[in-house]
Amino acid sequence: MAERLESLKAGIIGGFSLYVAFLITSLVNTLVLAKYVPRLASLQIGINWHWWLSGGIAAFSGLLFGVTYRYIIRTDKNPQLKSGGVMAFGLVRGLTQIDYAKIILPGLVQAGESVLWFAMGAIALDIAIQIGWIKPFTSRNSS
């Protein structure tokens with residue numbers, strides 16, 4: 001039960017951090033990129049039901065990432081595990097953004113922001129583990 005509670009805490013931190021990343025990138029997309037780069041005008045987002053749905057999906061993706069990331073990194077200090085987890089989640093979301101985009105440049109921007117979201121989530125989770133808010137997963141079957 002204690003492991004499940006730690007995973008839930010990791011999921012909550014991951015979900016919150018990805019939602020914050022979503023808010024930041026939404027603001028940058030709308031106030032900077034769409035305004036000053038005409039080819040990125042499609043990135044401008046209004047606050048409507050689609051924006052709320054996108055935010056909810058980002059938060060849920062962060063929850064899943066947080067739980068999974070805790071199991072990926074365990075007590076290892078291997079940077080390839082950390083970056084591999086970030087890239088796996090970020091590229092899965094990012095490549096679907098490119099596939100969905102009608103124009104390639106906005107899709108590439110959204111793919112980059114996907115990786116950024118999960119990187120921000122990983123940083124938040126690493127900090128939470130370092131300060132003791134979350135206990136790292138320890139494998140009981142270590143050799």
Side-chain angles (χ1 to χ4, degrees), residues 1-34 37 39-143:
M1 189 64 180
E3 287 296 332
R4 290 182 181 164
L5 181 60
E6 294 300 317
S7 293
L8 177 63
K9 291 191 306 188
I12 290 169
I13 290 171
F16 180 75
S17 62
L18 255 73
Y19 186 73
V20 169
F22 165 78
L23 291 175
I24 291 168
T25 56
S26 291
L27 283 172
V28 169
N29 287 347
T30 300
L31 300 177
V32 178
L33 295 179
V37 183
R39 294 182 70 193
L40 297 176
S42 64
L43 294 177
Q44 188 166 8
I45 298 175
I47 298 178
N48 55 23
W49 70 270
H50 185 265
W51 184 83
W52 287 104
L53 179 63
S54 295
I57 290 170
F60 185 68
S61 297
L63 181 132
L64 295 176
F65 173 73
V67 171
T68 306
Y69 187 75
R70 180 174 172 264
Y71 288 102
I72 290 171
I73 63 167
R74 300 175 303 237
T75 54
D76 296 338
K77 302 293 184 211
N78 186 338
Q80 285 85 13
L81 283 175
K82 291 180 179 190
S83 60
V86 168
M87 293 304 286
F89 274 81
L91 286 176
V92 165
R93 183 185 184 278
L95 293 175
T96 57
Q97 295 293 329
I98 291 172
D99 187 38
Y100 176 72
K102 293 175 178 49
I103 304 170
I104 194 72
L105 187 58
L108 288 172
V109 169
Q110 289 178 321
E113 77 183 23
S114 294
V115 174
L116 176 70
W117 288 5
F118 290 104
M120 288 177 68
I123 291 167
L125 289 163
D126 286 339
I127 291 170
I129 289 171
Q130 285 177 354
I131 62 177
W133 287 358
I134 302 171
K135 294 179 186 139
F137 178 72
T138 54
S139 178
R140 294 187 186 126
N141 297 333
S142 297
S143 309

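Values below: all heavy atoms of this structure, side chains included; hydrogens, waters and symmetry mates excluded. Residue numbers count from 1 along this sequence.
- The distance from the CZ atom of R70 to the CD1 atom of I134 is 7.5 Å, given to the nearest 0.5 Å.
- The line from OG of S54 to OH of Y19 is 10.5 Å long, rounded to the nearest 0.5 Å.
- Proximity of S7 to F137: side-chain heavy atoms (C-beta onward) are nowhere separated by under 4.5 Å.
- Test L31, I24, L23 against L27 for side chain to side chain contact (heavy atoms under 4.5 Å, CB included) and you get one pass: L31.
- A pairwise comparison of heavy atoms in G85 and I72 identifies CA-CD1, 4.0 Å as the closest pair.
- Side-chain atoms of I127 and W133, non-hydrogen and from C-beta on, never get closer than 4.5 Å to each other.
- Two residues are said to be in side-chain contact when any heavy atoms from C-beta on lie closer than 4.5 Å; Q97 and S114 meet this criterion.
- Below 30°, between 30° and 60°, or above 60°: for F22 and W51 the angle between ring planes is between 30° and 60°, a tilted geometry.
- In this structure, CG on L63 lies 9.0 Å from OG1 on T68, to the nearest 0.5 angstrom.
- The heavy-atom pair separating A124 from S17 by the smallest distance is CB-CB, 3.8 Å.
- In this structure, V115 and V86 approach most closely via the heavy-atom pair O-CG1, 4.0 Å.
- Put simply, CD1 on I73 and OG on S83 are 12.0 Å apart, with the number rounded to the nearest 0.5 Å.
- With a 6.0 Å radius and a threshold of 12 heavy atoms from other residues, nucleotides or ligands, K135 has its NZ atom at or below the threshold.
- Remark: L53 CG to N48 CG distance equals 10.0 Å, nearest 0.5 Å.
- In terms of heavy atoms, F65 sits closest to G121 at CE2-C, 3.9 Å.
- With hydrogens and angles ignored, the 3.5 Å screen pairs a side-chain donor or acceptor of N29 with a backbone N or O of T25.
- The two atoms that bring I13 and A128 nearest to each other are CD1-CB, 3.7 Å, heavy atoms only.
- Closest heavy-atom contact between I98 and G107: CG1-O, 3.4 Å.
- In this structure, F60 CZ and L18 CG are separated by 12.5 Å, a value rounded to the nearest 0.5 Å.
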Give the intermediate values and the outcome of side-chain contact (heavy atoms from CB on, under 4.5 Å) for residues F118 and S61. CA-CA 9 Å; F118 290 104; S61 297; 4.2 Å; yes

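- Between I45 and H50, the closest side-chain pair of non-hydrogen atoms is not below 4.5 Å.
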